[in-house]
Amino acid sequence: MGDTDVTTDAGAPWLIVGLGNPGPEYAMNRHNVGFMVADLLAERIGGRFKRAGKAQAQVIEGRIGPPGPANRRVILAKPMSYMNLSGGPVTALRDFYKVPTANIVAIHDELDIDYGVLRLKLGGGDNGHNGLKSMTKAMGSDYHRVRFGIGRPPGRMQVADFVLKEFSSAERKELDYFVDRASDAVECLVIEGLERAQGTYNS
């Protein structure tokens, strides 16, 4: 399935998943940009993350969007497994909250996109991303992705080392802006649909 809208159940909740690794030592790594966006969305919703029962994740339940038919019930989640085990917690949350797979949004870092550039899509491959690989293995690939560009590693640096390093000082100057924009893109996707969000935020 490609970059096209699918029919979603207007009454069903959305599960918005920021991908990352738990623990303070990973907090500012490039690989944790999904957590950074989830944290900002949590501020906007006005809630605090809490442990999600038996699921190995932290969640916030809330609503986004204007009053009326565009208002959406959302479950915002950060898996507390490591990145390569994200599929288990996400599947558990999907089943518990009865979320259609098409109403799941994964926010993640993307090596093959320049720093700060966003790409929104539905379905597709994992492009070597361990979080997506685990999610797809657990529940198939037909979920939405908000891909946050981090660029390729410089010189001969290994990918694994690059994604587990913090953003450079130059990158950090713009990081808050890009995280804010990615949060806007997630909200647009959930409220107005993929086509509108792609048209606005795919740069």
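In this structure the side chain of N127 never reaches within 4.5 angstrom of the side chain of L111, judged on heavy atoms. Side-chain contact between D142 and I104 is absent, with no heavy-atom pair separated by less than 4.5 Å. When side chains are defined from C-beta on, V105 counts as touching W14, because their heavy atoms get closer than 4.5 Å. Between M80 and P89, every side-chain heavy-atom pair lies at or beyond the 4.5 Å cut-off. Side-chain contact check for L164 versus N21: some heavy-atom pair is nearer than 4.5 Å.
Of the inter-residue distances, the one linking I64 atom CD1 with R72 atom CZ reads 8.5 Å to the nearest 0.5 angstrom. Between the CG atom in L132 and the CZ atom in R147 there is a gap of 9.0 Å [rounded to 0.5 Å]. Atoms NZ and CG, from K137 and N84 in turn, are 10.5 Å apart once rounded to the nearest 0.5 Å. With values rounded to the nearest 0.5 angstrom, L189 atom CG is found 11.0 Å from Y201 atom OH. The CZ atom of R30 lies 8.5 Å from the NZ atom of K165; values are rounded to the nearest 0.5 Å. How far CG of D126 is from OG of S141: 9.5 Å, rounded to the nearest 0.5 Å.
Proximity of a side-chain donor or acceptor of E43 to a complementary backbone N or O of L40 within less than 3.5 Å is not detected. R51 places no side-chain N or O within 3.5 Å of a backbone atom of Q58 that could act as its donor or acceptor partner. Between the T136 side chain and the K133 main chain, no donor and acceptor come within less than 3.5 Å of each other. One N or O on the side chain of N202 and one on the backbone of L120 form a donor-acceptor pair closer than 3.5 Å. A donor-acceptor pair is defined here as one N or O able to donate and one able to accept, closer than 3.5 Å; no such pair exists between the side chain of R119 and the backbone of V117.
Scanning all heavy atoms of the two residues, the minimum distance from S134 to G87 falls at OG-N, 2.8 Å. Nearest heavy-atom pair, R145 versus G124, reported as atom, atom and distance to 0.1 Å: NH2-O, 3.2 Å. Minimum heavy-atom separation, I150 to F162: O-CZ, 3.6 Å. Looking at every heavy atom in both residues, M139 comes nearest to V90 through CE-CG1, 3.8 Å. Here the closest non-hydrogen pair linking P13 and I75 is CB-CD1, 3.6 Å. Heavy atoms only, all atoms of each residue included: L19 and H108 are closest at CD1-CB, 3.9 Å.
Taking the six-membered ring where the residue is Trp, the centroids of F35 and Y26 are separated by 6.0 Å or more.
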Handout entry: Chi angles and distances behind the side chain to side chain contact (heavy atoms under 4.5 Å, CB included) call for L175, Y115
Key = CA-CA 9 Å; L175 183 58; Y115 173 59; 3.6 Å; yes
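In this model, a donor atom of one side chain and an acceptor atom of the other lie less than 3.5 Å apart for N71 and R63. Under 3.5 Å, the side chains of E61 and Y97 contain a donor-acceptor pair of N or O atoms. Side-chain N/O atoms of H144 and N103 include no donor and acceptor closer than 3.5 Å. When only modelled atom types and interatomic distance are considered, E166 and N29 share no side-chain donor-acceptor pair under 3.5 Å.
Between R44 and D180 there is a salt bridge, since at least one side-chain N of the basic residue sits less than 4.0 Å from a carboxylate O of the acidic one.
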